[in-house]
Each structure stands twice: as C-alpha cells, then as structure tokens.
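In what follows, a structure is listed as structure tokens, so that the remarks can point back to it.
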2 protein chains.
Amino acid sequence: METTIEAPTRDADRTRAAILHAAQQVFAAKGFAEAGVRDITARAGVNPSLVSRYFGGKLKLFEAALDAALNTRLMTDLPKEQFGKMIVVRFADEDDRVSPLPMMFSAASDREARAVAQRLLRDRVFQPLKNWFGGESADVKAARFMMVSLGFFAYRDQLPLAEFAGRVEPRLRQWLEREFQAIVDD
Amino acid sequence: METTIEAPTRDADRTRAAILHAAQQVFAAKGFAEAGVRDITARAGVNPSLVSRYFGGKLKLFEAALDAALNTRLMTDLPKEQFGKMIVVRFADEDDRVSPLPMMFSAASDREARAVAQRLLRDRVFQPLKNWFGGESADVKAARFMMVSLGFFAYRDQLPLAEFAGRVEPRLRQWLEREFQAIVDD
DNA sequence: TCCTTATGTAAACACTCGTTTACTTACGTC
DNA sequence: GACGTAAGTAAACGAGTGTTTACATAAGGA
C-alpha cells in the first residue's frame, strides 16, 4: 500500500499545478504534437476540459510548461573556469530531459508551437547567454553554444545511432567538455 | 507564357515520380506531421488516394522520399584534406534543405517516422561515415560529425535565434569549418 | 442550514487526417 | 473499332484531435 496524501478533493491551484507538471513530462517525452491533452490530463488525474479552462488551450499550456522549465534551468550560473565540465554534467548526468532544449525539438513539428519555443529560447536562453559571454563575438559564442547543445540533444534523444546510445561515451564526453569550454575561453 | 511540356495524361511512372518529388519538398519544408497527403498530392497535381496506391501509405512515402534524398547526397565523396571547407559549402551554400539531415527533424514528432529516419540515417549516413573515417575512434568521429551537423541544421532551420539567422555568419562558418576538419584530422 | 459559486465531469461538437471504396475514363491490344 | 485493363478521380469512412457545452457537486459564507 502507499501512503495516500489526503489532498483536498477540490483545489484549483493544486489541479492547475498538477496539469502543468504532467504537461512538462509528457511534452518532453512525446513531443508537442504526439502529446495529447487526454494523455496529460489522464496523468494528472483530471478532466481534459480543464486544460482549456485553466490555460486557455493546448498551445498556451505548452508555453507555460516550457516557461516553467526555463525558470528552473539557468545556464549562466556556472563558473566560467569549469563551464565545460559542469554543463556536460548538467546535460548528461542530471535527468535533463525535462529541459528547455529537448522540449524545443518537441515543438519542431507544429508551426505555432515552434514559434513559441523560438521566442522563449531566444529571450530566456540565447540572450542571457550572450550577455553572460560578453565581448564583441558574444553572439557567435551564444550561437556556438546553441549548436553544440542542440546537436547533443538531437543526437542523444532523437536519433540514437551509435552503440553507446543512451549513456555518453567517455571520449565523446571529453570532446563535449572541451567544446563548451572553448566557447568561453575563445 | 511558359512552354508546357505535353506530358502523357496517364503515366504511372511519371505520376509516381511527381508524388515522390513533391513529397521531398513538402516533407522537408513542413515536417512529416504537418505535411499532409493532400498538400503533397495537390503540389503533384494528382489525387490523394494515389499515395496509398503507389506507396502504400504516408509513412512508406516518407521512407521513399528520405531514401531518395540519401541517394543524392553522399558525405564520403569529399577529399579529407578539405573536408571542413567543402562540407560547410555543401551545407550552407547549396540548397540543402531537401537533404537527409533536415528531413530527420521533420520526423521528430512522429514515433514511426522517427524510427524510419533513425534506421536510414544509421545505415546510409552514420555507418558509411564511420567506415570512411576509419581508425579505432571512428565511431566517436562519426558521432561528432552527426552532432555538429544536427546542431547546425537545428539552429539554422528550427530556431533561427541570432541576428544573422538565415545566412551563415562568417565567424560561425570559420568555426564550423575548423570543427569538421578537426574530426578527420584528430 | 441554505444558497451561491467555484470546481470538476461527461458527452458531444467540429474539424482534420490518412485511407478505402465505387466509379469514370483514357490507353493499348486483338 | 470494340473491349479489357490500368490510371485517375470523387466522395465517403473511421479514427483521432482540441475544445465547448450542459450538467453535477463539493466548498464556504450569510
């Protein structure tokens, strides 16, 4: 048996939070298009219609979920001396699948969802990163960071090709560390 | 006025080819999920039902289109001394949007389409590349190539963030060239 | 305690999609 | 030149989607 936390049977805030939490997981796992409103609400244990009532529709829910993920993941809070090592730890070791970057792929198929993801990633990841890098080629550095990061997640999550799919092969990890570190050092 | 080529009004091979050609463009432009059978057949000027008749369904058509794209794009036909420069030319300058790698993203949303893309990219891109690189870390090199390539296309096509979106900024291009060259040199 | 209101549900709606079916028509053959 | 077959079309089908509507009910103040 499990200790059932006696939640209030009716609590709008809690229900809203439950939907948002489920949305983050399901969107990250199945992508925007394949994640159905019924999937999400079933996981949250509520009625599908509440997505429209509390968030104004699936797209707005996606935006809220992506926004929430972005609030819990800052890239610019790492020491520049160990940026490479620590960003790879964050990407590879922590369960970072409910993270802004993988979620971006989740939106790749839908035009509107892609626009939402683009705007959020630009304002909440790319720009802060650019300011944090500083210097005259800050935009190029930020672009390099996005390319390597997106490449990593695309390779790991979207098309696991090699034998070492899933875990990160040691030599690949070493390369990634150097790659990320080079961005801040250049 | 345009010189209208008087095509035979009924020609199965030509119709089949027209559907395949349209499919490559529409899949690459809108992605697997958003590209409707009606979109594709409208562009080819034929009836939607012919997709099922000639290809056995949308998924099979996608596979055929991706396969055709892979046949026209070999990565291993470049001189190793100038691999970096030439692969970037191919990616950035030639219109490479109807190319296997961007099409891979097109499949990201659909489970079955992703499986098809994975298999084809593994057998037709990753493995040949691995053999071409050779040596004991050929698999790591191939993985690095995939990561950088996917990162580039993801950044360029899926989320154009920076001011220089669209064209490739010179310093980014320089970095990409060094990056690709380093893979074969290492 | 009663009544109002917020919360949640069930069901249907409106729409899109890929696919199938029934039918028409042009082409090649005898 | 008639005929049979392959090529193509139009329309409907069935399943799936997000969303809306109508209704039930628990919560909280008068």
Side-chain angles (χ1 to χ4, degrees), chain A residues 5-23 26-27 29-66 106-116, chain B residues 5-23 26-27 29-66 106-116:
Chain A
I5 303 165
E6 269 313 315
T9 43
R10 290 192 174 190
D11 185 330
D13 290 342
R14 196 174 293 239
T15 301
R16 205 189 134 93
I19 295 175
L20 191 63
H21 184 68
V26 180
F27 278 139
K30 317 213 316 186
F32 177 79
E34 274 201 335
V37 171
R38 287 169 176 81
D39 293 340
I40 296 168
T41 52
R43 173 176 289 237
V46 298
N47 191 275
S49 65
L50 297 186
V51 165
S52 288
R53 176 176 312 192
Y54 285 138
F55 294 91
K58 184 188 180 184
L59 187 63
K60 296 272 189 64
L61 173 60
F62 176 73
E63 183 168 2
L66 188 52
S106 124
S109 68
D110 188 274
R111 225 189 72 256
E112 293 180 308
R114 192 167 51 232
V116 167
Chain B
I5 302 165
E6 270 314 312
T9 42
R10 291 194 174 190
D11 185 331
D13 290 340
R14 193 174 295 238
T15 300
R16 203 188 135 94
I19 294 175
L20 191 64
H21 183 68
V26 180
F27 278 140
K30 318 213 315 185
F32 176 79
E34 272 202 336
V37 170
R38 288 170 176 82
D39 292 339
I40 296 168
T41 51
R43 173 177 287 237
V46 297
N47 191 276
S49 65
L50 297 186
V51 165
S52 287
R53 172 170 327 193
Y54 285 138
F55 293 90
K58 185 189 180 184
L59 187 64
K60 296 273 190 64
L61 174 59
F62 175 73
E63 183 168 3
L66 188 52
S106 124
S109 68
D110 189 274
R111 225 189 72 254
E112 292 179 308
R114 193 167 50 233
V116 167

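In what follows, chains carry the letters A, B, and so on, assigned in the order in which the sequence lines appear, proteins first and then strands, with residues in each chain numbered from 1. Everything numeric in this text was worked out from a predicted model, so none of it was measured.
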Quiz item: How do Asn47(A) and Arg38(A) order along DNA chain C: which one's closest nucleotide is nearer the 5' end?
Solution: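 Its nearest nucleotide being more 5', the pick is Asn47(A).
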
Exercise. Specify the residue among Val51(B) and Tyr54(A) whose closest nucleotide of DNA chain C lies further upstream toward the 5′ end.
Key: Tyr54(A)

Practice problem: Mind checking Ser49(B) for me? I need base, sugar-phosphate or nothing, with any heavy atom below 4.0 Å counting as a touch. | Solution: base

Quiz item: Under 4.0 angstrom, heavy atoms only, what part of the nucleic acid is Ala35(A) near: base, sugar-phosphate, or nothing?
Solution: sugar-phosphate

How long is the line joining [atom1] of [X] and [atom2] of [N], in whole Å?
{"X": "Asp11(A)", "N": "dA6(C)", "atom1": "CG", "atom2": "P", "answer": "15 Å"}
{"X": "Lys60(B)", "N": "dG18(C)", "atom1": "NZ", "atom2": "P", "answer": "16 Å"}
{"X": "Lys58(B)", "N": "dG18(C)", "atom1": "NZ", "atom2": "P", "answer": "4 Å"}
{"X": "Phe55(A)", "N": "dG18(D)", "atom1": "CZ", "atom2": "C1'", "answer": "16 Å"}
{"X": "Arg53(B)", "N": "dT20(C)", "atom1": "CZ", "atom2": "C1'", "answer": "11 Å"}
{"X": "Glu34(A)", "N": "dC17(C)", "atom1": "CD", "atom2": "P", "answer": "16 Å"}
{"X": "Asp110(A)", "N": "dT16(C)", "atom1": "CG", "atom2": "P", "answer": "14 Å"}
{"X": "Phe32(A)", "N": "dT17(D)", "atom1": "CZ", "atom2": "C1'", "answer": "11 Å"}

Quiz item: Pick the nucleotide of DNA chain D nearest each of Asp39(A) and Leu50(A); which residue has the one closer to the 5' end?
Solution: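 So the residue in question is Asp39(A).
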
Self-check item: Heavy-atom pair with the smallest gap, counting every atom of Lys58(B) and Phe27(B)
Solution: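 Residues Lys58(B) and Phe27(B), closest heavy atoms: CE-CE2, 4.1 Å.
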
Quiz item: Looking only at heavy atoms, what is the nearest atom pair of Val37(B) and Pro48(B), with distance?
Solution: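 Closest approach of Val37(B) to Pro48(B): CG1-O, 3.6 Å.
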
When rounded to the nearest 0.5 angstrom, what is the spacing between [atom1] in [X] and [atom2] in [Y]?
{"X": "Lys30(A)", "Y": "Ser109(B)", "atom1": "NZ", "atom2": "OG", "answer": "12.5 Å"}
{"X": "Ile40(B)", "Y": "Leu20(B)", "atom1": "CD1", "atom2": "CG", "answer": "10.0 Å"}
{"X": "Arg16(B)", "Y": "Leu50(B)", "atom1": "CZ", "atom2": "CG", "answer": "11.5 Å"}

Self-check item: Short side-chain N/O contact to dG8(D) OP1/OP2 from Thr15(B), under 4.0 Å
Solution: yes

Quiz item: What's the closest nucleotide to the Arg10(B) side chain, out of dT19(D), dT25(C), dT9(D)?
Solution: dT25(C)

